[in-house]
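For reference, the structure discussed in these notes is given below.
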Amino acid sequence: MLFEVTLHSVFIRLMKEQIAQLIASAVDALKADGTLPGDTQPNIMVENTRDKSHGDFASNIALTLAKPARRNPRELAQALLAALPQSDLIEKTELAGPGFINFFVTQASTAAVVGQILTEQTAFGRGRAASKARTQVEFVSANPTGPLHVGHGRGAAYGASVADLLEAAGVPVEREYYVNDAGRQMNILGTSVWLRYLEKCGAELTFPSNGYKGAYIHDIAAAVFDQHGDQYNRDIAQVMANIPVDEPQGGDKEVHIDALIERAKALLGDAGYGIFFNAALDSILADIQDDLSGFGVNYQEWFSERGLTSNGDVDSALNTLQENGYLFEKEGNLWFRSTDFGDDKDRVVRRANGATTYFASDIAYLKNKFERGFDKVLYIWGADHHGYIARMKAACQALGYDPERLMVRLVQFAILYRGEERLAMSTRSGSFVTLRELRDEVGNDACRFFYVTRKAEQHMDFDLELAKSESKDNPVYYIQYAHARVCSVQRKLKESGWAWDKESGLANLALLNTEHEKDLITKLSKYPEVLTAAAESYEPHMLANYLRELANDFHSYYNANKMLIEEAELRNARVTLSEAARQVLNNGLTLLGVNAPEQM
RNA sequence: GGGGAUAUAGCUCAGUUGGAUAGAGCACGGCCCUUCUAAGGCUGUGGUCGAGGGUUCGAAUCCUUCUAUCCCCGCCA
């Protein structure tokens with residue numbers, strides 16, 4: 001059961017699993033001789049020790065079985081130790097503390113991981129997820145009304161790393177971006193472009209307070225003008241005739257902008273209006289796609305919201321809810337009784353005027369995802385969306401799907417600092433820092449790493465100065481430097497006229513006996529479980545922290561032991577170990593979207 | 001008012017099946033370059049794990065109450 005075949009290799013079972021097997025044998029033996037009740041169902045836990053003096057692994061099995069066995073824990077541990085089968089993995093065992101069993105593993109059995117790494121290379125540590133459920137990860141999904149800002153950046157880095165981790169753990173993954181290309185905001189956007197276009201044509205007007213004021217709107221308007229000339233120009237008096245006044249003039253800004261949208265549609269016709277709407281959408285979406293792709297964030301699918309309404313998915317989803325008996329009418333509106341599933345209040349899905357709500361699209365989109373065959377759908381949202389979880393879970397159940405199949409991870413916003421200075425981030429004034437600006441200033445590697453170095457639900461401080469610094473203070477450079485150092489050793493090795501003899505190195509791993517060497521080997525052996533745990537819990541920060549520790553162990557080793565030495569066997573063993581470290585650093589960095597440079 | 005998140009060293013944060021003496025980086029002391037990149041290493045100081053109660057062999061971790069900070073609570077998108 002624990003053996004799984006991949007293209008590259010048969011998995012070597014983790015040391016932990018093998019030790020658990022030994023304990024299971026001992027428990028069986030004690031059941032057979034009556035020390036333990038025959039119906040004992042042991043939950044065998046083997047954990048990594050925190051303190052090296054406690055050996056490599058420890059089990060609390062005697063503590064958990066003491067009660068059913070009616071035995072003193074230490075006494076029981078002693079009996080288990082006596083019943084433990086012989087194994088050449090184990091150097092020695094100890095009974096410790098209140099009844100822990102500590103396992104000290106032989107150097108040879110741990111060092112075997114070095115050969116495994118060099119054989120499996122990029123496949124090392126992969127494919128161990130317990131569940132291989134086909135999973136869709138939807139993330140970023142920012143409205144295409146403007147460039148991505150630094151808040152989206154964290155969702156992008158987090159989502160991409162989670163997806164890559166899942167894939168590495170052997171879970172089939174698809175990455176998707178939901179393009180909100182329908183709805184009022186998009187109409188405001190299209191109309192904003194048209195108004196700028198009118199200005200370009202020479203009109204003088206007061207731009208609506210609720211319109212999109214960014215510089216990119218002018219650019220899009222200019223592009224339309226270049227392509228179509230002034231054929232969509234309209235007399236400004238005609239445009240503004242009977243439009244309710246804007247907020248600064250004492251009116252309502254929403255009413256004002258809605259009237260302008262209707263006027264644009266009326267004066268331009270569907271085709272003409274579509275020119276502006278699509279110019280805005282295409283331009284901004286292309287910009288977002290370029291931005292993300294430059295950030296190393298790639299999708300299998302860009303899913304259009306407009307498609308949902310045009311192909312009847314929204315109606316179909318509402319019909320399903322109707323058939324299942326969860327819709328009702330009140331005051332002309334159609335409601336979804338989400339309170340049946342624990343939501344705070346019921347939700348409108350279709351307004352009295354016939355327009356379906358945004359939530360109705362979300363329900364249709366969810367149904368669509370399941371109909372495409374995904375076993376699990378993972379949503380990555382900004383923390384401000386946590387209120388949507390209850391209604392989406394409710395919709396999931398009302399549609400007849402197990403709510404466990406819908407998962408949401410919330411990402412807190414990052415606060416940018418430049419040294420001590422906190423950077424203001426006002427969306428209102430349009431002066432927010434864009435993701436592209438951040439990437440340009442800090443670089444993709446530092447951005448990707450910094451964003452995922454903290455737990456997603458943690459508020460985080462992102463210090464630009466630290467991210468840019470090229471010193472050990474900066475964890476990205478610190479880890480990359482460890483990788484580059486190994487490459488440098490290889491270069492020096494060649495210059496010295498020695499060749500790296502891998503076979504000799506593998507044959508002489510037993511020579512790697514210093515504390516630093518043993519620590520580094522042990523750390524390398526943990527990579528598969530770190531990768532798997534990080535993937536299964538959707539927590540890439542676990543990998544980021546691991547890489548920091550691995551780099552630290554390597555730097556310590558490098559500093560304490562010279563590799564390019566006359567003694568060929570030890571030289572080869574050391575170079576072999578550092579190559580294994582390089583491979584794992586490379587694998588891990590790649591999963592986080594960070595480059596592993598050969599030279600700094 | 002209701003709901004959620006967060007609270008661990010001076011600062012930023014780990015601590016993921018409840019385990020033994022709570023860790024890392026930064027900052028602040030001390031030390032290590034005739035040595036493969038010192039872009040590095042070693043080492044010291046530093047803690048009432050927000051507060052109180054509970055669960056048990058054992059709690060930073062689970063339950064409960066409270067406090068502080070942030071976020072959400074529209075027929076918006």
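Model, not experiment: these values are computed from the prediction. These values consider heavy atoms only, across backbone and side chains, with no hydrogens, waters or symmetry-generated copies.
- Base pairing of B:rG1: its partner is B:rC73, meeting the Watson-Crick or G-U wobble criterion (both donor-acceptor distances under 3.5 Å).
- With both pairing distances under 3.5 Å, B:rG18 is matched to nothing as a Watson-Crick or G-U wobble pair.
- At a threshold of 4.0 angstrom between heavy atoms, the contacts of A:Arg184 are confined to the sugar-phosphate backbone, with no base atom among them.
- The closest donor-acceptor contact from the side chain of A:His152 to the backbone of A:His149 lies under 3.5 Å.
- Here the side chain of A:Asn143 is nearest to one of B:rA77, B:rC36, B:rC76, namely B:rA77.
- By the 6.0 Å and 45° rule, A:Arg571 stacks over the aromatic ring of A:Trp498.
- Between the side chains of A:Glu247 and A:Asn210, no donor-acceptor pair of N or O atoms lies under 3.5 Å.
- At the heavy-atom level, A:Met460 lies under 4.0 Å from the strands shown only through sugar-phosphate atoms.
- Backbone-only contact: A:Ala182 has heavy atoms under 4.0 Å from sugar-phosphate atoms and none from a base.
- Side-chain N/O atoms of A:Tyr478 include one lying less than 4.0 angstrom from OP1 or OP2 on B:rG41.
- Judged by distance alone, with hydrogens and angles left aside, the side-chain atoms of A:Arg154 form a donor-acceptor pair with the main-chain N or O of A:Gln412 at under 3.5 Å.
- Across all strands shown, B:rA9 forms no Watson-Crick or G-U wobble pair with both key distances under 3.5 Å.
- Residue-level contact check: A:Val46 touches the bases, meaning some heavy atom is under 4.0 Å from a base atom.
- Heavy-atom distances to RNA chain B give each of A:Glu457 and A:Ala96 a nearest nucleotide, and the one nearer the 5′ end belongs to A:Glu457.
- A:Thr49 and A:Asp51 share no donor-acceptor pair across their side chains, judged by distance under 3.5 Å alone.
- Regarding contacts with the backbone of B:rG2, every side-chain N or O of A:Lys345 stays at 4.0 angstrom or more from both OP1 and OP2.
- Using modelled atom types, one finds a donor on one side chain and an acceptor on the other under 3.5 Å when comparing A:Tyr478 with A:Asn552.
- No contact: A:Arg350 has no heavy atom under 4.0 Å from any strand.
- Contact between the side-chain N/O atoms of A:Gln458 and the OP1/OP2 oxygens of B:rA14 is found at a separation under 4.0 Å.
- If you check B:rC75, B:rC70, B:rU17 against the side chain of A:Glu47, the one that comes closest is B:rU17.
- Residue contacts for A:Phe100: at a heavy-atom cut-off of 4.0 Å it reaches a base atom on one of the strands shown.
- Counting only heavy atoms from C-beta on, A:His386 has its side chain closest to B:rG3 among B:rG3, B:rA39, B:rA77.
- Side chain A:Tyr388 to base B:rC76: a donor-acceptor pair is found below 3.5 Å.
- Counting distance only, with no hydrogens placed and no angle test, the side-chain atoms of A:Glu536 and the base atoms of B:rU16 include no donor-acceptor pair under 3.5 Å.
- The side chain of A:Lys455 has B:rG15 as its nearest neighbour among B:rU6, B:rG15, B:rA39.
- Using a 4.0 Å heavy-atom criterion, one finds that A:Asp461 contacts the sugar-phosphate atoms exclusively.
- Look at A:Asn561 and you won't find any side-chain N or O under 4.0 angstrom from OP1 or OP2 of B:rU35.
- A:Gln599 has no side-chain polar atom (N or O) that falls below the 4.0 Å cut-off from OP1 or OP2 of B:rA39.
- Computed from coordinates, the A:Leu65 CG to B:rC57 P distance equals 14 Å when rounded to whole Å.
- Here B:rA20 is the nucleotide among B:rC76, B:rA20, B:rC75 with the atom lying nearest to any side-chain atom of A:Asn102.
- Relative to the side chain of A:Ser537, the nucleotides B:rA14, B:rU16, B:rA77 differ in distance, and B:rU16 lies closest.
- Counting non-hydrogen atoms under 4.0 angstrom, A:Phe413 reaches nothing in the nucleic acid.
- Under the stacking criterion of a centre-to-centre distance below 5.5 angstrom and an interplanar angle below 30°, A:His54 sits stacked against the six-membered ring of B:rA20.
- The side chain of A:His541 lies closest to B:rU16, out of B:rC36, B:rG41, B:rU16.
- Of the nucleotides present, B:rG44 is the one that pairs with B:rC28 by Watson-Crick or G-U wobble criteria, both distances under 3.5 Å.
- In this structure, the side chains of A:Tyr527 and A:Tyr546 come closer than 4.5 Å at one or more pairs of heavy atoms.
- Relative to the side chain of A:Asp473, the nucleotides B:rA27, B:rA5, B:rG19 differ in distance, and B:rA27 lies closest.
- Ring centroids of A:Tyr177 and A:Phe303 are separated by 6.0 Å or more, keeping the two rings apart.
- In terms of position along RNA chain B, the nucleotide closest to A:Leu410 lies nearer the 5' end than the nucleotide closest to the other residue of the pair A:Leu410 and A:Ala58.
- At least one side-chain nitrogen or oxygen of A:Arg351 sits closer than 4.0 Å to the OP1 or OP2 atom of B:rC76.
- Among the nucleotides B:rC36, B:rC75, B:rG41, the one closest to any side-chain atom of A:Ser556 is B:rG41.
- Residue A:Gln412 is in sugar-phosphate contact alone, with no base atom involved, counting any heavy-atom pair closer than 4.0 Å across all strands shown.
- Looking at A:Asn333, its side chain comes within 3.5 Å of the base of B:rC75 through a donor and an acceptor atom.
- Closest to the side chain of A:Arg50, out of B:rC36, B:rC75, B:rG19, is B:rG19.
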